Amino acid sequence: MEKSLLRIANTLVLYSYHVTGNGLLNGRMGIILYLFRYSSYAGNEYYSDFAGDLLDKVLRTSANMPSDFENGLTGVGWAVNRLLKEGLVDGNPNEVLQSVDRKVFNWIACNPGISLFGQAVYLLERWQDNLNVPYFEEQAIHILHICEGGIRKFGGKISLYHINSVLHFLIGINRMRKCMEKANVVCKLLPDILRRILKQKWYTPADCLIFEQLKQEAEKYYPELWYEIQSICFPQTNGPIKNMEQYIRIAWLQELYFGKVIIPLPTTEEIGTFIDRKQQKITLDGFLLQNGLAGLGCMLLPTNQQTTLNHITNL
């Protein structure tokens with residue numbers, strides 16, 4: 001495993017400058033997340049120094065980023081907050097992310113067709129360490145209004161991928177008393193949406209697995225309110241996972257929603273074969289957090305390591 005992690009780190013250092021996007025899943029930010037974590041794990045500051053230089057480049061473009069989670073500011077902000085909380089970069093999250101908060105919450109959109117509900121996911125990440133800050137409660141209520149309107153009015157294809165992020169948000173705000181009434185309204189809209197997704201097969205095996213795990217989380221907080229959602233079951237894949245890309249997708253979704261990777265890891269042979277394939281057939285998407293080497297590396301690394309602090313200036 002040590003050799004595989006080193007191979008991933010060195011490959012990302014070699015080719016990361018060819019990656020033009022800055023997003024978490026489809027750009028440099030996912031590579032940055034892995035390199036900071038690997039630097040801590042390996043005790044080698046070379047990788048954190050390299051990641052810090054990349055991070056500076058990403059942050060200089062933050063004013064012009066879109067807001068979505070996969071390619072834009074909410075994903076970058078989420079990752080920076082994680083790095084700060086893990087002690088991998090130095091700074092106060094409320095100072096470093098102050099301008100990101102303003103940009104993210106200044107314009108909130110709910111696009112059920114193509115994307116995670118990025119602002120909602122980012123809000124939960126920030127709110128966990130600001131439980132008594134009224135600003136975040138106000139933003140949560142605003143997001144719920146946008147979410148309700150987006151789901152009611154959207155007539156196109158709604159992905160389970162997106163609805164899972166809504167479920168995650170509803171579960172996460174269970175401690176916000178001011179939000180409960182509106183959260184219940186949104187929750188009651190979801191069974192019909194989920195049945196439509198099931199009928200039209202607007203899901204992937206990874207999304208189905210995450211949905212079942214989110215239902216288990218929800219049962220702890222809303223056993224009565226979520227009864228109808230609990231009764232909806234999506235197909236589950238029996239047997240081993242078919243490919244490494246699916247492993248990686250499930251792993252990053254589990255870290256996002258549950259804070260840890262709980263899927264059984266692939267074999268050493270499968271890991272080595274995947275790295276070989278990505279090194280031999282060079283494509284930019286082969287390095288990314290979504291389905292690439294950065295995603296594989298984050299899946300394999302332990303998450304409880306600390307590192308030498310690197311300073312980030314305010315965004």
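All figures in this text were calculated on a predicted structure; none of them were measured in a lab.
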Problem set entry | salt bridge (charged side-chain N to carboxylate O under 4.0 Å, His left out) contacts touching residues 244-253 (sequence neighbours left out) |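 Residue pairs passing salt bridge (charged side-chain N to carboxylate O under 4.0 Å, His left out), neighbours aside: Asp207-Arg249, Glu245-Arg277, Glu245-Lys278.
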
Problem set entry | Asp53: partners by salt bridge (charged side-chain N to carboxylate O under 4.0 Å, His left out), with sequence neighbours left out |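 Not a single residue meets the salt bridge (charged side-chain N to carboxylate O under 4.0 Å, His left out) criterion with Asp53.
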
For this session: For Arg196, check salt bridge (charged side-chain N to carboxylate O under 4.0 Å, His left out) against everything at least two apart and list the hits.
Result: none

Exercise. In the single-linkage hydrophobic clustering (I, L, V, M, F, W, Y; side-chain heavy atoms under 4.5 Å), do Leu167 and Leu189 co-cluster?
Worked result: yes

Problem set entry | Joint hydrophobic cluster, Val89 plus Tyr46, side-chain heavy atoms closer than 4.5 Å |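 Shared cluster, yes.
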
Exercise. Between the side chains of Thr267 and Glu270, is a donor N or O closer than 3.5 angstrom to an acceptor N or O?
Worked result: yes

Exercise. Side chains of Asn22 and Thr61: is there a donor and an acceptor less than 3.5 Å apart?
Worked result: yes

Exercise. Can you say whether the rings of Phe287 and Tyr15 are parallel (under 30°), tilted (30 to 60°) or perpendicular (over 60°)?
Worked result: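 Rings of Phe287 and Tyr15: parallel, under 30°.
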
For [X], what residues pass the ring pair (Phe, Tyr, Trp, His ring centres under 6.0 Å) criterion, not counting sequence neighbours?
X: Phe234; result: Tyr203, Phe211
X: Tyr17; result: Phe50
X: Phe136; result: none

Exercise. Any ion pair linking Lys182 and Glu148 (charged N to carboxylate O, less than 4.0 Å)?
Worked result: yes

Problem set entry | Cationic N near anionic O, under 4.0 Å, Glu228 to Arg195 | yes

For this session: Give the minimum heavy-atom separation between Cys179 and Ile141, together with the two atoms involved.
Result: SG-CG1, 3.7 Å

Which pairs of donor and acceptor atoms, one on a side chain in residues 71-80, lie under 3.5 Å apart (sequence neighbours left out)?
| residue | atom | partner | partner atom | Å |
| --- | --- | --- | --- | --- |
| Asn71 | OD1 | Asn26 | ND2 | 2.9 |
| Asn71 | ND2 | Asp68 | OD2 | 3.4 |
| Thr74 | OG1 | Ser67 | O | 2.7 |
| Thr74 | OG1 | Asp68 | O | 3.1 |
| Thr74 | OG1 | Phe69 | N | 3.1 |
| Trp78 | NE1 | Glu125 | OE1 | 3.4 |

Seminar exercise, completed: Residues at least two apart in sequence or cross-chain that pass side chain to side chain donor-acceptor pair (under 3.5 Å) with Asn243, listed by chain then number, are none

Exercise. Take atom CD in Glu181; do more than 12 heavy atoms of anything else shown fall under 6.0 Å from it?
Worked result: no

Exercise. Which residue pairs pass the side-chain hydrogen bond (donor to acceptor under 3.5 Å, both in side chains) test with at least one member in residues 1-12, sequence neighbours excluded?
Worked result: Glu2-Tyr41, Arg7-Asp276, Arg7-Gln279, Asn10-Tyr47, Thr11-Gln279

For this session: Please list all pairs passing the side-chain hydrogen bond (donor to acceptor under 3.5 Å, both in side chains) test where one or both residues lie in residues 130-146, with sequence neighbours left out.
Result: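 For residues 130-146: Asn94-Asn130.
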
Problem set entry | Partner set under side chain to side chain contact (heavy atoms under 4.5 Å, CB included) for Thr20, not counting sequence neighbours |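 Listed in chain order: nothing, the list is empty.
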
Exercise. Tell me, do Ile143 and Phe105 make a side-chain contact under 4.5 Å, heavy atoms counted?
Worked result: yes

Exercise. If you look only at pairs with a residue in residues 262-283, which of them pass as a ring-ring contact (aromatic ring centres under 6.0 Å, His included), with sequence neighbours excluded?
Worked result: none

